[in-house]
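Counting convention: from 1, in listed order, for ligands and their atoms alike.
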Amino acid sequence: MGVIFKMDKMTYDVVIIGGGPAGLTAAIYASRARMKTLLIESIATPGQAVTTSDIENYPGFTEGLNGFELIERFKKQAENFGTEFKTGDVKGVEGRKWDDSIAWRIESEREEFLSLSVIIATGARPKKLDLPGEDRLKGKGVSYCAVCDGAFFSNKNIAVIGGGDTAVEEALFLTKFADRVTLVHRRDRLRATKILQERAFANKKIEVLWDCVASEILGSDKVEALKIKNLKDGRESDLSCEGVFVFIGYTPNTSFLKGIVKLDEWGYVITDHDMKTSRDGIFACGDARKKLLRQIVTACGDGATAAFSAEGYVEHLKAGRV
Ligand code: NAP
């Protein structure tokens, strides 16, 4: 005989944690498959896609796309299929015995929900440099989001720290506002993809300081300069600038999952190809999971797969076959 579930209105087939491309795609697929779907999104931490200035490698959009607009479209599509939305930061996920099986209790700041399955799509947040002056001058010239803050730096000088896709892409975006953008990179070659490198080298407003690291952000109540050390010759200098944008990679938003699902040494959730984690009923997708390529298009693929896997899991659970 199958497991008999006492479903009530607070019990979902799937709760998706995270409202970026991965979570929203999972929501579109899950609610279109007629699963009772809740998506919990954080308002405190805007996702990377929302804060991306210009997305030009999402297939089918030759003119480029604004990240905020793209996410709004995803959301509307999920709503149309019946996804419920709540805002809040999830604090914990805990297994609850449910007849012969397990359901998941998801706790956010003010509410808790029960669900037969969970999809983790919490993404990752920008890493900080942990330099003297960084916290004190955050919002006073120190920023981690060019789309949010770039316009404050019209005709000013900006330093961008990092050498990956994000740093170079956002440095290019910041040239729309700033007089000069100095890219400070710790090595003698960029990590960013070749097309972005070519554009940066061709842009007269961008200068690259190779083999250099920042050691302090200077300024009393706003950024005035960046203290820089050249790693080759050991020389120190002050780069005069009004803004410091930090793009040195990301940390996955998975601390609430410690001890619940297997994480790798950096905190990324380990999944198989079907987005299953180490625990039955918990799936993960997008930038929060261990994977090779973190892009909107791969996040969408992950999200669709996670929803499909969760649907199969829940169907079997309801039929008592898990
Ligand atoms: P990333 O690829 O990890 O690059 C981080 C950069 O910051 C590297 O150049 C690294 O230097 C530097 N860095 C790291 N820690 C540092 C420190 N403490 N001090 C100084 N520099 C430091 O991160 P990302 O650029 O944010 O990209 C993240 C992912 O998103 C990547 O997979 C990327 O391809 C993807 N992405 C794609 C696009 C696109 O396709 N258009 C746009 C944005 C992001 P080293 O090079 O020496 O390691």
Side-chain angles (χ1 to χ4, degrees), residues 20-22 45-68 70-71 122-135 142-148 150 159-174 181-201 206 208-217 226-232 239 244-253 264-268 285-302:
T45 327
Q48 283 176 64
V50 174
T51 57
T52 299
S53 47
D54 199 9
I55 298 159
E56 60 173 25
N57 53 2
Y58 191 74
F61 291 84
T62 48
E63 300 302 316
L65 269 171
N66 171 285
F68 180 80
L70 182 66
I71 290 298
T122 42
R125 63 184 181 283
K127 275 188 195 159
K128 286 172 38 180
L129 279 163
D130 291 327
L131 289 184
E134 187 176 4
D135 281 342
V142 174
S143 172
Y144 305 85
C145 175
V147 176
C148 318
V160 169
I161 300 171
D165 282 336
T166 309
V168 176
E169 200 166 71
E170 300 311 309
L172 284 161
F173 173 73
L174 288 165
V181 176
T182 308
L183 195 62
V184 180
H185 185 40
R186 64 185 180 182
R187 286 192 295 141
D188 61 359
R189 67 175 66 170
L190 297 172
R191 182 179 291 278
T193 190
K194 288 282 176 291
I195 190 166
L196 291 173
Q197 294 195 27
E198 284 163 16
R199 282 183 203 155
F201 297 147
I206 296 181
V208 187
L209 289 185
W210 301 105
D211 301 305
C212 284
V213 290
S215 54
E216 187 174 355
I217 302 173
L226 184 66
K227 196 172 262 308
I228 285 170
K229 183 175 180 181
N230 185 306
L231 295 174
K232 285 254 161 91
L239 174 72
V244 175
F245 284 75
V246 181
F247 300 115
I248 59 164
Y250 291 86
T251 303
N253 297 314
D264 74 2
E265 57 188 309
W266 295 282
Y268 290 99
C285 54
D287 286 6
R289 90 178 176 92
K290 182 180 167 150
K291 64 192 283 193
L292 179 65
L293 182 62
R294 294 193 171 84
Q295 299 275 295
I296 294 179
V297 72
T298 61
C300 293
D302 281 7

Residue [X] excluded, over 12 heavy atoms near [atom1] under 6.0 Å:
| X | atom1 | value |
| --- | --- | --- |
| Phe201 | CZ | yes |
| Lys227 | NZ | yes |
| Lys290 | NZ | no |

The criterion is side chain to side chain donor-acceptor pair (under 3.5 Å); which residues satisfy it with Glu134, sequence neighbours excluded?
Tyr144
Set of residues satisfying salt bridge (Lys or Arg N to Asp or Glu O under 4.0 Å) with respect to Arg191, sequence neighbours excluded
none
Within the 4.0 Å heavy-atom cut-off around ligand 1, the contacting residues, ordered by chain and number, are Asn57, Leu129, Gly162, Gly163, Gly164, Asp165, Thr166, Glu169, His185, Arg186, Arg187, Arg191, Phe247, Ile248, Gly249, Tyr250, Arg294, Gln295
Return the set of residues passing disulfide bond (SG atoms under 2.5 Å apart) with Cys300 (not counting sequence neighbours), or none when no residue passes.
none
